[in-house]
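A short worksheet on the structure shown next.
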Amino acid sequence: MKNKLRKIKVDNETYLWKREHNHLEDFEYSKCVEKVTIYLEGYKNSPINLLFREEDNLKIKNNLNKEKWCVGYPDAGVIWLFKPRADKKPQTENIHINLNRPAVIAELIKYFNNNGWNPKEVKKSFVIEDALKFLDVIKLPLGIH
């Protein structure tokens, strides 16, 4: 099923966006990727493409046995911080970020508009291949719903 573009208004500008789940062909740790594509309306040639790759945990986390970002499974579009418990009981508390939520997309738009993405001036894609690292930088709304 192809993801349709959704509309969102941020700072009096209209944007179109979609979220999709993909898989890497070449990976060491995990193949899962959540991809968010955002266009400023009327500027389809200069989208921002954010790739939230679970594989990037290898770069941003010191010890994957302590905590790691999990991407897209079992809930497509949801990224959560997994922290194993020392007592081996099931984990009851996680940090969830749902990339299907317009509030999350609005915060991503605001952040990248202020940090390098300029769709009115540049006529090419702005690609962030290691977007997972921004989950610790951008204050995104938490929760699945």
Student check: side-chain heavy atoms of [X] and [Y] closer than 4.5 Å:
{"X": "K35", "Y": "N49", "answer": "yes"}
{"X": "W17", "Y": "I109", "answer": "no"}
{"X": "L132", "Y": "V71", "answer": "yes"}
{"X": "Y39", "Y": "L5", "answer": "yes"}

Can you see which heavy atom on V104 is nearest to which on P141, and at what distance?
-> CG2-O, 3.7 Å
Evaluate the ring planes of F134 and F112, with Trp represented by its six-membered ring, and classify them as parallel (under 30°), tilted (30 to 60°) or perpendicular (over 60°).
->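 Ring orientation, 0 to 90° scale: perpendicular.
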Calculate, to the nearest 0.5 Å, the distance between atoms [atom1] and [atom2] belonging to [X] and [Y] respectively.
{"X": "N113", "Y": "Y15", "atom1": "CG", "atom2": "OH", "value": "4.0 Å"}
{"X": "N118", "Y": "L40", "atom1": "CG", "atom2": "CG", "value": "9.5 Å"}
{"X": "L24", "Y": "L51", "atom1": "CG", "atom2": "CG", "value": "8.5 Å"}
{"X": "D136", "Y": "W69", "atom1": "CG", "atom2": "CH2", "value": "5.5 Å"}
{"X": "I138", "Y": "L108", "atom1": "CD1", "atom2": "CG", "value": "5.0 Å"}
{"X": "I105", "Y": "N98", "atom1": "CD1", "atom2": "CG", "value": "9.0 Å"}

Please, which pairs that meet salt bridge (Lys or Arg N to Asp or Glu O under 4.0 Å) have at least one residue in residues 40-50, sequence neighbours excluded?
-> K7-E41
Give a yes or no on whether the backbone of [Y] and the side-chain of [X] come within a donor-acceptor separation of less than 3.5 Å.
{"X": "R101", "Y": "L142", "answer": "yes"}
{"X": "D56", "Y": "F52", "answer": "no"}
{"X": "E54", "Y": "C32", "answer": "no"}
{"X": "R6", "Y": "P102", "answer": "no"}
{"X": "E34", "Y": "G77", "answer": "yes"}
{"X": "N100", "Y": "A76", "answer": "yes"}

Table please: side-chain donor-acceptor pairs of residues 123-130 below 3.5 Å, with sequence neighbours left out.
residue: K123; atom: NZ; partner: K120; partner atom: O; Å: 3.2
residue: D130; atom: OD2; partner: K133; partner atom: NZ; Å: 3.1

